[in-house]
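Before any comments, here is the structure.
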Amino acid sequence: MTVLVALLRGVNVGGATRVPMADLRRVVADAGYGDVRTHLNSGNVLLTSDDDPARVARTLRDACAAAFPVQPDVVVRTRDELHAVLAAWPFLDRDDDPTHHHVVLLPGDAPARVPDVPVEPPEDLAAAGRELYLHLPHGVGRSRLAARLTTGVRPVGTARNLRTVTALAALADELDATTRAG
C-alpha cells in the first residue's frame with residue numbers, strides 16, 4: 001500500500017463550501033481507501049491505496065461531488081512526491097516565516113510552467129516539477145500575484161503554505177511507518 005495525500009481545492013473557505021472532516025473521512029473510506037485521516041479543516045486527506053494517484057483523484061472528485069454540495073478539484077501526491085515538493089522549495093533563503101511560502105500543486109503529469117502574470121517584488125514565483133512556488137512576504141490575502149493566479153490561469157491547482165505541506169509530509173511518514181509495522 002502506498003501512502004497518498006489528497007488535497008481538495010476550495011473546501012471550507014466559505015459557507016457554500018462546507019465539508020465536515022468526519023463526513024469527508026467517511027466518503028473517502030467508502031470509496032475504498034484505507035487508513036483515512038484528515039489534517040486541519042481544509043480538505044487535506046491522508047490515505048493508503050494501491051491505485052494510481054490520478055485514479056484516486058478522479059474517484060475522490062466523483063465521490064465528493066456525490067456527497068457534498070461542493071465539487072472540489074482534487075490533487076493527489078504520494079508521500080515521496082510530497083517530500084520532493086519540500087526538497088525543491090525555493091525562496092527559503094528570503095525569510096523563515098512559513099506563512100509567506102506557498103505552493104500550488106497542479107493536477108496531472110504535465111510539468112508546471114510559470115504563467116504569464118506580472119510578478120512585482122518583493123513577491124516571487126517559480127515553477128518546479130508539477131508545482132508553482134510563491135513567496136508572498138505580505139501574506140496571501142494581500143497578494144496581487146495570488147489574486148492573478150486564481151483568475152484565468154490553467155490548469156487550476158490547489159495551494160498550501162509551507163507549514164501545512166511540512167505537517168502533511170510528517171503525517172504521511174507516520175502513516176507509512178504505521179502501515180509497514182502493521
Side-chain angles (χ1 to χ4, degrees), residues 3-19 21 24 37-46 53-54 57 60-61 64 70-174:
V3 173
L4 301 172
V5 179
L7 306 160
L8 283 67
R9 181 177 186 269
V11 169
N12 294 340
V13 293
T17 64
R18 177 111 173 87
V19 175
M21 292 300 101
L24 179 58
R37 303 173 186 182
T38 54
H39 175 66
L40 301 175
N41 196 34
S42 56
N44 304 304
V45 183
L46 294 101
L60 292 181
R61 186 173 33 256
C64 288
V70 61
Q71 297 181 17
D73 290 325
V74 180
V75 174
V76 177
R77 296 291 189 266
T78 66
R79 178 184 71 91
D80 291 343
E81 289 171 335
L82 203 59
H83 280 284
V85 167
L86 288 169
W89 209 292
F91 313 130
L92 292 177
D93 59 335
R94 303 205 182 160
D95 69 51
D96 60 358
D97 185 335
T99 65
H100 295 173
H101 300 275
H102 299 265
V103 62
V104 179
L105 299 109
L106 300 172
D109 293 328
R113 291 186 175 28
V114 175
D116 187 22
V117 296
V119 178
E120 300 167 10
E123 296 184 334
D124 212 343
L125 170 66
R130 294 179 291 163
E131 285 72 41
L132 293 173
Y133 294 88
L134 298 99
H135 181 240
L136 308 173
H138 300 299
V140 70
R142 294 188 221 157
S143 169
R144 288 182 175 171
L145 176 59
R148 289 179 188 119
L149 287 175
T150 60
T151 55
V153 175
R154 298 288 180 252
V156 174
T158 186
R160 300 294 187 272
N161 70 30
L162 176 60
R163 178 177 290 140
T164 299
V165 176
T166 301
L168 288 169
L171 290 168
D173 288 343
E174 289 173 17

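These numbers come from a predicted model, not from an experiment. Note that these values count all heavy atoms, side chains included, but never hydrogens, waters or copies made by symmetry. Each residue takes its place number in the sequence, starting with 1.
Looking at heavy atoms from C-beta onward, Met21 lies in side-chain contact with Val11 at the 4.5 angstrom threshold. A 4.5 Å side-chain heavy-atom check between Cys64 and Val19 finds every atom pair outside the cut-off. For the pair Val74 and Val45, the minimum side-chain heavy-atom distance is 4.5 Å or more. At a threshold of 4.5 Å between non-hydrogen side-chain atoms, the residues Val70 and Arg9 do not count as touching. At a threshold of 4.5 Å between non-hydrogen side-chain atoms, the residues Leu86 and Leu82 do not count as touching.
For the atom pair His100 NE2 and Asp124 CG, the distance stands at 14.5 Å (nearest 0.5 Å). Within the model, atoms CZ of Phe91 and NE2 of His102 stand 12.0 Å from one another, a figure rounded to the nearest 0.5 Å.
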In a table with atom names and distances, give each donor-acceptor pair under 3.5 Å that connects a side chain of residues 133-141 to protein atoms at least two apart or in another chain.
| residue | atom | partner | partner atom | Å |
| --- | --- | --- | --- | --- |
| Tyr133 | OH | Val85 | O | 2.8 |
| His135 | NE2 | Asp95 | OD2 | 3.0 |

Residues 104-117, side-chain donor-acceptor partners within the protein, below 3.5 Å, at least two apart:
none

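Here Ala170 pairs with nothing under the side chain to side chain contact (heavy atoms under 4.5 Å, CB included) rule; sequence neighbours left out. Legend: residues meeting salt bridge (charged side-chain N to carboxylate O under 4.0 Å, His left out) with Arg163, ordered by chain and number and at least two apart, are absent. Looking at residues two or more places apart in sequence or on another chain, you find no side chain to side chain donor-acceptor pair (under 3.5 Å) involving Thr166. Remark: Ser42 engages Leu40, Asn44 in a side chain to side chain contact (heavy atoms under 4.5 Å, CB included) (not counting sequence neighbours).
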### Query
Could you go step by step and tell me if Leu46 and Leu168 meet the side chain to side chain contact (heavy atoms under 4.5 Å, CB included) rule?
CA-CA 8 Å; Leu46 294 101; Leu168 288 169; 4.0 Å; yes
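Applying the salt bridge (charged side-chain N to carboxylate O under 4.0 Å, His left out) rule to pairs touching residues 72-85 yields Arg77-Glu131, Arg79-Asp173, Arg79-Asp176, Glu81-Arg130, sequence neighbours excluded.
Other residues, nucleotides and ligands contribute at most 12 non-hydrogen atoms within 6.0 Å of the CZ atom of Arg144.
What you find for Pro72 and Leu8 is that their closest heavy atoms are CG-CD2, 3.8 Å.
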